[in-house]
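Worksheet: one structure, shown below.
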Number of protein chains: 2
Amino acid sequence: MASKSSIEKDRSIIRELIRDARQTNVALAAKVGLSEGAVRRRVERLLAEGQFHFAVIPSPSFMGRPVHTMFEIQSAPGATEQLIEQLVAMPEISYVYHVTGQFDIVAVGYFTSSNEMRTFWTERLGNLDGLMESRTLMVLRVAKRAHEWAREMATDEADPD
Amino acid sequence: MASKSSIEKDRSIIRELIRDARQTNVALAAKVGLSEGAVRRRVERLLAEGQFHFAVIPSPSFMGRPVHTMFEIQSAPGATEQLIEQLVAMPEISYVYHVTGQFDIVAVGYFTSSNEMRTFWTERLGNLDGLMESRTLMVLRVAKRAHEWAREMATDEADPD
DNA sequence: ATTGAAAGGTTCTCAGA
DNA sequence: TCTGAGAACCTTTCAAT
């Protein structure tokens, strides 16, 4: 086989970490075919470049925030960025996406109760500058959370010349 | 102050790990007031119980999947679970949410190109059993991804009697 | 940019409470 | 269920390539 390109080594490292975020650099090194030090330097570089990050995903219920809500938000013309900034500044909101379609923004929040969510929606979301229309979706269940494509393309070693 | 309850110690550990997913058990132990071994056993128990998990979040673009898409899906009456199962089985789909509202399901996928996304949408999504209607939202930007509420309630120690 | 080896720190195991 | 000490393992540093 031809040696993997540098970026393919980087991607192999990240794919391995997606499979197991807590494996050691020693284990990674054995899998991608580098020394422990080389893997460690690549991981640090990739983190600094923002190519991936380590995260802890809590169970919102266990943390006391069982009410999982998505808000679809339509902004007044030209007001989308301003609206996004306001949403980003709200601690109740965990995720903010700029999207195409009828709605311009999707925001996700976790609340301690449906009552807290309602209060947030009526008193804080409803008062945002530039908001034209919004819809609320309650998330009943997270049925999947996995990047299965990270397991693809594990080997390009079977390529014939 | 009264001693923290056992579940509050668990939550403190998880909140600390949300702040820094890679800190050592020794560092955690100092912050939550337990020995390293006690913290390690709690972390293992919480992981086994599914109260949180460690994850690596890649930059989809760096991994060669720059096209980030949300699908809103309306199911035929009674077909939602069947539809969710089919979506969960698709490797292109990373997240599947069961939600309330006009649409029953929100699914998120990452694609190598808009052409691949279009092919997926027309040939795979369109053929799902029980699908009534769907809408496609392209995600242009992720403006926020953080659980700021994990920093709240750090102390219940100031409570007067 | 990578390797290999020594030093330092973390994790794991186990005995004791 | 927790603590503390020792062994095993991992990470960090550094000289060399």
Side-chain angles (χ1 to χ4, degrees), chain A residues 1-59 61-64 150 153-157 159, chain B residues 1-59 61-64 150 153-157 159:
Chain A
M1 91 190 215
S3 262
K4 264 183 202 162
S5 68
S6 190
I7 194 169
E8 269 312 315
K9 282 179 192 155
D10 288 344
R11 286 176 174 153
S12 295
I13 289 170
I14 296 175
R15 278 197 292 269
E16 265 305 320
L17 285 170
I18 289 171
R19 290 209 311 159
D20 178 2
R22 267 165 39 112
Q23 61 190 300
T24 65
N25 291 330
V26 174
L28 272 176
K31 287 172 191 159
V32 305
L34 288 170
S35 69
E36 182 276 333
V39 166
R40 180 157 38 84
R41 238 171 307 103
R42 278 173 185 267
V43 165
E44 278 158 15
R45 193 197 76 241
L46 291 165
L47 286 171
E49 289 173 355
Q51 310 296 17
F52 79 99
H53 65 273
F54 289 95
V56 152
I57 313 294
S59 155
S61 301
F62 185 78
M63 299 305 281
M153 318 181 307
T155 59
D156 42 291
E157 307 172 354
D159 285 348
Chain B
M1 89 187 217
S3 263
K4 265 183 200 162
S5 68
S6 189
I7 194 169
E8 268 313 314
K9 281 180 192 157
D10 287 344
R11 286 176 174 153
S12 294
I13 289 171
I14 296 175
R15 277 196 293 269
E16 265 306 320
L17 285 170
I18 290 171
R19 291 209 311 159
D20 177 3
R22 263 157 53 104
Q23 61 189 301
T24 65
N25 291 329
V26 174
L28 272 175
K31 287 172 190 158
V32 305
L34 287 170
S35 68
E36 181 275 333
V39 165
R40 180 157 38 83
R41 241 171 308 102
R42 277 172 186 268
V43 165
E44 279 158 14
R45 193 197 76 242
L46 291 166
L47 285 171
E49 290 172 354
Q51 310 297 17
F52 79 99
H53 65 272
F54 289 96
V56 152
I57 313 293
S59 154
S61 300
F62 185 78
M63 299 305 281
M153 318 183 307
T155 58
D156 41 291
E157 307 171 355
D159 285 348

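Letters A, B, ... are given to chains in the order of the sequence lines, protein chains preceding strands, and every chain is numbered from 1. In what follows, every heavy atom counts, from backbone to side chain, and hydrogens, waters and symmetry copies are set aside. In this text the structure is predicted, and so the values were computed from the model without any measurement.
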Do the side chain of Arg11(B) and the main chain of Ala150(B) share a donor and acceptor less than 3.5 angstrom apart? no

Could you measure the distance from the [atom1] atom of [X] to the [atom2] atom of [Y]? Nearest 0.5 Å is fine.
| X | Y | atom1 | atom2 | answer |
| --- | --- | --- | --- | --- |
| Arg15(A) | Asp20(A) | CZ | CG | 15.5 Å |
| Leu28(B) | Ile14(B) | CG | CD1 | 10.5 Å |
| His53(B) | Leu46(B) | NE2 | CG | 13.5 Å |
| Leu34(A) | Asn25(A) | CG | CG | 11.0 Å |

Sequence neighbours left out, what passes side-chain contact (heavy atoms from CB on, under 4.5 Å) with [X]? Give chain and number order.
| X | value |
| --- | --- |
| Arg45(A) | Asp10(A), Arg42(A), Glu49(A) |
| Leu47(B) | Arg22(A), Val43(B), Phe52(B), Phe54(B) |
| Ala27(A) | Gln23(A), Thr24(A) |
| Ser35(A) | Ala38(A) |

Interface limits on DNA chain D, where chain A has a heavy atom under 4.0 Å of a nucleotide atom: dC10(D) to dT13(D)

Enumerate the residue pairs fulfilling ring-ring contact (aromatic ring centres under 6.0 Å, His included) with a member in residues 6-44 of chain A, sequence neighbours excluded, ordered by first and then second residue. none

Axis-to-axis angle between the two ends of the helix from dA1(C)-dT17(D) to dA17(C)-dT1(D) (five base pairs per end, rounded to 10 degrees): 30°

List the atom of Gly50(B), the atom of Ser59(A), and the distance in Å for their closest heavy-atom pair. O-CB, 4.0 Å

Give me each pair satisfying salt bridge (Lys or Arg N to Asp or Glu O under 4.0 Å) with a member in residues 24-33 of chain B, each pair once, sequence neighbours excluded. Glu16(B)-Lys31(B)

Nucleotide interval of DNA chain C bounded by contacts with chain B (heavy-atom cut-off, under 4.0 Å): dT10(C) to dT13(C)

As a quick check of understanding, evaluate side chain to side chain contact (heavy atoms under 4.5 Å, CB included) for Lys9(A) and Val32(A), giving each step before the final call. CA-CA 7 Å; Lys9(A) 282 179 192 155; Val32(A) 305; 5.8 Å; no

Going by number, which of residues 33-44 of chain A have a non-hydrogen atom under 4.0 Å from DNA chain C? Leu34(A), Ser35(A), Ala38(A), Arg41(A), Arg42(A)

Nucleic acid contacts - residues 46-58 of chain B versus DNA chain C, non-hydrogen atoms under 4.0 Å: none

